[in-house]
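Inspection log for the structure reproduced underneath, given as structure tokens.
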Protein chains: 2
Amino acid sequence: MARRPSPSPRAAAPLPGRRVRGSATGRPVMAALDLLGRRWTLRILWELRAAPLTFRALQAACGGVSPSVLQQRLGELAEAGLVGHDGGSGYALTPLARRLMPALLALEGWAAEWAAALGRPR
Amino acid sequence: MARRPSPSPRAAAPLPGRRVRGSATGRPVMAALDLLGRRWTLRILWELRAAPLTFRALQAACGGVSPSVLQQRLGELAEAGLVGHDGGSGYALTPLARRLMPALLALEGWAAEWAAALGRPR
DNA sequence: TCCTAATGCTACGATTTTCGTAGCGCAAGG
DNA sequence: CCTTGCGCTACGAAAATCGTAGCATTAGGA
């Protein structure tokens with residue numbers, strides 16, 4: 001692992017884009033649905049579920065997402081308090097994010113049913 | 001309600017776009033994560049959870065999404081066997097999609113925790 | 001020390017997706 | 001007939017995403 005988060009004066013570069021335009025009108029579910037309904041967000045949380053990953057490992061696990069998008073999503077997730085930069089071991093889920101795991105596990109179970117139903121409607 | 005799915009001879013216009021480019025490499029979870037990780041997909045399923053909705057009602061419930069996007073998402077969801085066109089009463093969740101509800105409910109519960117944690121770290 | 005390899009992350013143009021609005025054909029109500 | 005509301009599509013503009021190249025930095029070895 002190289003490049004620890006030493007006091008490099010970067011940051012402050014919010015990356016192009018960044019808008020809210022979310023549909024989060026009121027209830028917290030909406031906000032969650034909006035945050036998780038962005039591309040790669042769910043996938044990132046899923047890949048991080050077992051162990052922390054470095055930036056590049058995470059990128060590889062997600063099938064080679066563009067580093068710019070990964071960086072943006074990671075920033076959003078960090079701002080939402082779902083991932084942290086566990087110095088040295090890369091990015092990791094926060095306890096709060098870990099409490100989302102039951103839902104993701106339920107999703108995994110459902111996905112199996114779904115695949116079975118989809119592969120055998122004939 | 002007007003406009004029942006009578007034998008109108010148009011259709012056959014699959015709408016521009018439509019690509020797969022998904023990250024679904026292997027496991028069914030990936031495919032689910034990919035499908036649900038598109039904008040509005042989760043929201044659509046959520047809004048449909050209680051009762052069927054007409055196209056326009058669904059559009060309004062989703063904060064006025066573009067009808068083109070809504071149409072595309074609805075098509076993808078229909079192709080995935082998650083929503084159906086329950087003639088007369090609009091779009092409705094299939095039994096398969098209804099089995100996804102526990103996961104969404106878990107998500108809702110988590111969202112409450114999340115909002116509480118986010119709104120009170122100060 | 002100098003070199004190599006690997007890391008986190010950014011820039012930038014190209015491609016794809018999403019948005020916003022206007023509008024068609026149709027069915028029901030008056 | 002005329003109005004209203006519906007499902008849905010077209011199309012140009014805006015935004016998100018992709019893909020690749022590359023910088024700066026660090027660790028390890030020769």
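Reminder, nothing fancy here: chain letters follow the sequence lines and each chain counts from 1.
Taking only side-chain nitrogens and oxygens, B:Trp40 comes nearer than 4.0 Å to OP1 or OP2 of C:dC19. A sub-4.0 Å separation between OP1 or OP2 of D:dG7 and a side-chain N or O of B:Thr54 is present. Put simply, B:Tyr91 has a side-chain N or O that comes within less than 4.0 Å of OP1 or OP2 on D:dC8.
In this structure, CZ of A:Arg56 is placed 14 Å from C1' of D:dG19, rounded to the nearest angstrom. Atom CD in A:Gln59 sits about 11 Å away from atom P in C:dC9, given to the nearest Å. For the pair A:Leu70 CG and D:dT17 P, the computed distance is 12 Å after rounding to whole Å. Per the geometry, CZ belonging to A:Arg38 stands 15 Å off C1' belonging to C:dT17, to the nearest Å. When rounded to the nearest whole Å, the span between CG of B:Asp34 and P of D:dC18 equals 10 Å. Here the P atom of nucleotide C:dT16 and the CZ atom of B:Arg73 are 16 Å apart, to the nearest Å. Remark: C1' of C:dT16 and CZ of B:Arg39 are 14 Å apart, rounded to the nearest angstrom. Rounded to whole Å, the distance from CD on A:Gln71 to P on D:dC18 is 14 Å.
Toward the 5′ end of DNA chain C lies the nearest nucleotide of A:Pro67, the other residue of the pair B:Pro67 and A:Pro67 mapping further downstream. Residue-to-nucleotide proximity on DNA chain C shows that, of B:Val65 and A:Leu53, the 5′-proximal contact is made by A:Leu53.
Among D:dC8, C:dC9, C:dC19, the nucleotide with an atom closest to any side-chain atom of B:Val69 is C:dC19.
Classified by interplanar angle (parallel below 30°, tilted 30° to 60°, perpendicular above 60°), the ring pair B:Tyr91/B:Phe55 is tilted.
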Would you list the atom pairs, donor with acceptor, under 3.5 Å between side chains in residues 112-119 of chain A and any protein atom, with sequence neighbours excluded?
{"unit_1": "A:Glu113", "atom_1": "OE1", "unit_2": "B:Arg99", "atom_2": "NH1", "d": "2.5"}
{"unit_1": "A:Trp114", "atom_1": "NE1", "unit_2": "B:Ala80", "atom_2": "O", "d": "3.0"}

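The cationic atom of A:Arg49 (NZ for Lys, CZ for Arg) lies less than 6.0 Å from the six-membered ring centre of A:Trp46 and within 45° of the ring axis.
At a cut-off of 3.5 angstrom, counting only N and O atoms as typed in the model, there is a donor on one side and an acceptor on the other between the side-chain of A:Ser68 and the base of D:dG19.
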Original post:
Taking it one step at a time, do A:Glu76 and A:Glu79 satisfy side chain to side chain contact (heavy atoms under 4.5 Å, CB included)?
Top reply: CA-CA 5 Å; A:Glu76 294 168 359; A:Glu79 196 172 338; 5.6 Å; no

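For A:Glu108, there are no salt bridge (charged side-chain N to carboxylate O under 4.0 Å, His left out) partners two or more places apart in sequence or in a different chain.
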